[in-house]
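To keep things clear, I will list the structure first and then write my remarks on it.
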Amino acid sequence: MSKLVIVESPAKAKNIKGYLGKGYEVVASMGHVRDLPAARLSVDIANNFEPKYAVIKGKENFVKDLKKKADEADYVYLATDPDREGEAISWHLAYLLGLDLKEKNRVTFNEITKNGVKNGMAQPREIDIDFVNAQQARRILDRLIGYKLSPFISQKIRRGLSAGRVQSVALRLVVDRENEIRAFNPEEYWSIDAKFTNPPERKVFSAAIHSKNGEKIKIENKEQSDKILSDLDGAEYVVTGVKKGSRKKNPTPPFTTSTLQQEASRRLSFQARRTMKAAQELYEGLDAGELGTVGLITYMRTDSLRISEEARAAGNEYITNTYGEKYLPKKPRYYKSKSNIQDGHEAIRPSMPNVTPDSIKNYLTSDQYKIYKLIWERFIASLMEACQQETMKIEITAGDYVFTATGYTVKFDGFTALYEEKSDDEKSDSSAPLPAMKTGDVLKLKSILGNQHFTQPPARYTEASLTKALEENGVGRPSTYVTITSTILNREYVKREGKQFVPTELGEAVTKLLEERIPNIVNVKYTSKMETDLDKIDSGEKDYKSMIKLYYDEFEEPLEKAKADMQGVKIKLKEEETDIVCEKCGRNMIIKVGRFGKFLACPGYPECKNTKPLVFKTSAKCPECGGDVIEKKTKKGSTFFGCSNYPNCNFMTWDAPSDEVCPKCGKSLFKRRGNILYCPDTEGCGFTKPIPRKKKSDDE
């Protein structure tokens, strides 16, 4: 008796096959097998928005082979990922293979372990058509909006542009933040900061001026600061108040998709795509030595904070054995998820909490180890006792003025013995432990300074903080965060400056056009409401076709009006001038964007029609012929570097050239992964050297 199990990825197929053993054949669908064809709208608007699906181009033979295997099997299990998209893929597979939708052939694996696979196979169910329809509604709305909106902005701004339902809102957030920064007027303020000791102790501590005659001080300029410093000249500083207290600091919950991406960005400087790639590999399973081939974490696309009681018990056992019983809270800690989440599976956690990161480090890549360590530590810490701190606030009087100092000491470290979450605006801790003091102590002044400050504008979004903003505003879902940020970057609506997202002129023009003409598309609250309504399809509360009609009608009316009102109108973008001179007429050429990307054109068009490819020349020289090394793009947009003398010289590399030259042979050095500079000299120079890692600045 043979059984066919269909999953999404080859890595998962191989690992699940190992758990199921004989009698099972496990194959991978490689993601979607049927979708809305991209060459046309593929939605029959007149026929109640009926989607026109087709087998994805290039997968026809795969589907043919899969049908044959399904016909030969005694039973077919659909084991695609445990989310809406996975449910939809199973539904499409069932249609293509002629399976009965009422049959209990849908299985899900929250973790790719022996128990996880065994439990999943033991609980087959019918395909959840409400989940399928929720995914269909999003897919169809995205197609309708994208296909109707993209030609409009392409016609009005620049050929080849595109816009989407969720990405447009993300872009609006970035543009709005930039406008806030531009409109911000910094205000000057001053602080007066002193350093003291409490003899006979030598420990120096800091305090800042707080009030005068019982009223809080606001120092607006240098003159006011100097006046206060003059008043304090020769003053005696006496402790007039000591207030002690205690506070409890609780651990953060285990990771969701969003919080994992945010923490990996803050702590590891990982972009979201890199984080999710490593997490996907950890979930699908890998060779872990004596453990065999196993999935090390649960499913990594989730917004739930729930964990299983089995995982809790295993984590508690590890904590007790490693740290002792006092590190376990007296009552188990439960975290409350948001009301609008899918709770079909757990938070991201280690599938086997007793498997520590260091015990399997030798079997993981660097990225896999870092992400597993982050997930494992966060999960274990979330189960641990709170950190208990003893706080102290000191008031120091000097004449009419009062200074304050705050600090704390840790009475019990609790979860901080293992892990603490980083903050987006991590700053030095101003609450350092204070020396012992009592009322009446006369302090010794070590230094006192007036310091100038200016109020700061809000920070630009980073990938992490934009993901956080999208999540908090209810825009997008765990499976879409990476796509959202990568899309606005790839479309050149946003560019990176360090970690920060800065809107381009093009991005601002697109946002302004949509904001003025089709405001709902870039309205955060409207999109959030749409997401909430679409979520109601999951539970069967809403009909998905009715939901599509409602939101399509609200989109189509302002779009058609905008088309009529803007007939013949074209929004002009500022053209970037270069220092490259047109050899035909002597003008400086400008950068234009065409169907196949950027190119150089003469601004004298139509009198002068000269154009040429846009070449980004690096400072490196070709190691084979000495020509310039230039940056090039593949048809799919990937960057590589090659010789400007092509086709006479075929040198190319994926490694970025550096500004340095080889000290042995004088040829340009290139940078390979692992922060290594190397000499590509074909004659065998072999020189390499590591690139020193930059120290992180305080605001990173």
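No experiment lies behind these values; they were computed from the predicted model shown. Atom set for the values below is all heavy atoms of this structure, side chains included, hydrogens, waters and symmetry mates excluded.
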Point to revise | Pairing of Glu497 and Arg460 as salt bridge, 4.0 angstrom limit | key: yes
Check your understanding: When you look at Leu144 and Glu556, which way does the side chain to side chain contact (heavy atoms under 4.5 Å, CB included) test go after all the steps?
Key -> CA-CA 9 Å; Leu144 290 170; Glu556 186 187 34; over 6 Å; no
Check your understanding: Would you call the rings of Tyr678 and Phe670 parallel, tilted or perpendicular, where under 30° means parallel and over 60° means perpendicular?
Key -> tilted
Review point. In Å, rounded to the nearest 0.5 Å, how long is the span from CG of Leu296 to OH of Tyr283?
Key: 13.0 Å
Check your understanding: Should Lys148 and Ile45 be marked as a side chain to side chain contact (heavy atoms under 4.5 Å, CB included) after you check the CA-CA gap, both sets of side-chain angles, and the distance that decides it?
Key -> CA-CA 12 Å; Lys148 297 282 185 177; Ile45 297 172; 4.1 Å; yes
Point to revise | Side chains of Thr611 and Tyr605 in contact at under 4.5 Å (non-hydrogen atoms) | key: no
Exercise for review: Considering non-hydrogen atoms only, spot the tightest contact between Val502 and Val174 and give its length.
Suggested key: C-CG1, 4.4 Å
Check residues 558-568 and write down every donor-acceptor pair under 3.5 Å in which the side-chain atom is one partner and the other belongs to a residue at least two apart or another chain.
from, atom 1, to, atom 2, distance (Å)
Lys561, NZ, Asp565, OD2, 2.8

Check your understanding: Of all residues at least two apart in sequence or in a different chain, which pass the side chain to side chain donor-acceptor pair (under 3.5 Å) check with Lys373?
Key -> Glu377
Review point. Closest approach of Gly627 and Ser644, non-hydrogen atoms and distance?
Key: C-OG, 4.2 Å
Check your understanding: Taking it one step at a time, do Glu421 and Thr252 satisfy side chain to side chain donor-acceptor pair (under 3.5 Å)?
Key -> CA-CA 7 Å; Glu421 184 182 45; Thr252 41; 4.6 Å; no
Check your understanding: From Tyr544 OH over to Asp538 CG, what is the distance, rounded to the nearest 0.5 angstrom?
Key -> 14.0 Å
Review point. Considering residues at least two apart in sequence or located in another chain, which fulfil the salt bridge (charged side-chain N to carboxylate O under 4.0 Å, His left out) criterion with Glu492?
Key: Lys598
Exercise for review: Please assess Gln262 against Ser258 for the test side chain to side chain donor-acceptor pair (under 3.5 Å), listing each intermediate value before the final yes or no.
Suggested key: CA-CA 6 Å; Gln262 292 170 48; Ser258 168; 2.6 Å; yes
**Study point:** Any donor-acceptor N/O pair, Gln261 side chain to Ala464 backbone, under 3.5 Å
**Key:** no
**Study point:** Side-chain heavy atoms of Arg477 within contact of Val166, under 4.5 Å
**Key:** no
Review point. Looking only at heavy atoms, what is the nearest atom pair of Ile6 and Ser29, with distance?
Key: CG2-CB, 4.2 Å
Exercise for review: Could you tell me whether Arg165 and Asp142 make a salt bridge, using a distance below 4.0 angstrom between a side-chain N and a carboxylate O?
Suggested key: yes
Check your understanding: Can you tell me if Ser668 uses its side chain to pair, donor with acceptor, with the backbone of Lys621 under 3.5 Å?
Key -> yes
Check your understanding: Can you list the residues that meet the side chain to side chain donor-acceptor pair (under 3.5 Å) rule with Thr108, with sequence neighbours excluded?
Key -> none
Review point. Just by distance, do the side chain of Thr480 and the backbone of Thr483 share a donor-acceptor pair under 3.5 Å?
Key: no
Practice item. State which residues pass side chain to side chain donor-acceptor pair (under 3.5 Å) with Tyr551; sequence neighbours excluded, sorted by chain then number. Key: Lys529, Asp533
**Study point:** Under the side-chain contact (heavy atoms from CB on, under 4.5 Å) test, residues paired with Ala469 that sit two or more places apart
**Key:** Leu173, Tyr461, Asn473
Review point. Between the side chain of Thr578 and the main-chain N/O of Ile591, is any donor-acceptor distance below 3.5 Å?
Key: no
Revision key, fill the gap. Contacts satisfying side-chain hydrogen bond (donor to acceptor under 3.5 Å, both in side chains) that involve residues 506-521 (not counting sequence neighbours) are Arg172-Glu515, Arg182-Glu508
Check your understanding: Can any side-chain N or O of Lys499 pair as donor or acceptor with the backbone N or O of Ser269 at less than 3.5 Å?
Key -> no
Exercise for review: Give a yes or no on whether the backbone of Ala163 and the side-chain of Ser150 come within a donor-acceptor separation of less than 3.5 Å.
Suggested key: yes
Review point. Shortest non-hydrogen contact from Val629 to Phe641?
Key: CG1-CB, 3.9 Å
Review point. Going through the checks in order, is the side chain to side chain contact (heavy atoms under 4.5 Å, CB included) test met by Met652 and Tyr646?
Key: CA-CA 10 Å; Met652 71 79 59; Tyr646 178 84; over 6 Å; no
**Study point:** Lys277 vs Asp367, side chain to side chain contact (heavy atoms under 4.5 Å, CB included): CA-CA, chis, key distance, verdict
**Key:** CA-CA 9 Å; Lys277 178 179 182 295; Asp367 282 7; over 6 Å; no
Point to revise | Under the side-chain contact (heavy atoms from CB on, under 4.5 Å) test, residues paired with Val510 that sit two or more places apart | key: Ile153, Ile157, Leu161, Leu171, Tyr493, Leu506, Leu514
Practice item. Give the minimum heavy-atom separation between Arg491 and Gly164, together with the two atoms involved. Key: NH1-N, 3.9 Å
Review point. So, do Val169 and Tyr526 sit near enough that their side-chain heavy atoms are less than 4.5 Å apart?
Key: no
Review point. Mind checking whether Arg40 and Lys52 have side chains closer than 4.5 Å, heavy atoms only?
Key: no
Check your understanding: Got a second to check how far Arg267's CZ is from Arg378's CZ, nearest 0.5 Å?
Key -> 9.0 Å
Revision key, fill the gap. With sequence neighbours left out, the residues meeting side-chain contact (heavy atoms from CB on, under 4.5 Å) with Gln456 are Phe454
Check your understanding: Do NZ/NE/NH1/NH2 and the carboxylate oxygens of Asp35 and Lys57 come within less than 4.0 Å?
Key -> no
Practice item. Ignoring hydrogens and angles, tell me if any N or O in the side chain of Thr527 forms a donor-acceptor pair with the backbone of Asn523 under 3.5 Å. Key: yes
Revision key, fill the gap. So CE of Met300 and OG1 of Thr302: to nearest 0.5 Å the spacing works out to 10.5 Å
Practice item. Decide yes or no for Lys671 and Asp655: does some side-chain heavy atom of the first lie under 4.5 Å from some side-chain heavy atom of the second? Key: no
Review point. Are any side-chain N or O atoms of Gln135 and backbone N or O atoms of Arg84, one a donor and one an acceptor, separated by less than 3.5 Å?
Key: no
Check your understanding: Donor-acceptor pair, Thr467 side chain versus Tyr481 backbone, under 3.5 Å?
Key -> no
Study note, to complete from the structure: The side-chain contact (heavy atoms from CB on, under 4.5 Å) partners of Arg587 (sequence neighbours excluded) come to Cys585, Cys602, Pro603, Cys608
**Study point:** Non-neighbouring partners of Lys609 that pass salt bridge (charged side-chain N to carboxylate O under 4.0 Å, His left out), sequence neighbours left out
**Key:** none
Practice item. Applying side chain to side chain donor-acceptor pair (under 3.5 Å), name anything that partners Glu463, two or more places apart in sequence or on another chain. Key: Thr485
Practice item. Starting at CD of Glu660, measure out to CG of Leu669 and round the result to the nearest 0.5 Å. Key: 6.0 Å
Check your understanding: Taking side chain as C-beta onward, heavy atoms only, is Lys14 less than 4.5 Å from Pro10?
Key -> no
Practice item. For residues Arg496 and Phe501, determine if any side-chain heavy atom of one lies less than 4.5 Å from a side-chain heavy atom of the other. Key: yes
Check your understanding: Is a side-chain N or O of Lys59 found less than 3.5 angstrom from the main chain of His32, in a donor-acceptor match?
Key -> yes
Check your understanding: If we only count heavy atoms from C-beta on, is the Phe640 to Thr653 side-chain gap below 4.5 Å?
Key -> no
**Study point:** Atom pair CG/CG of Leu534 and Asn133 - distance to nearest 0.5 Å
**Key:** 11.5 Å
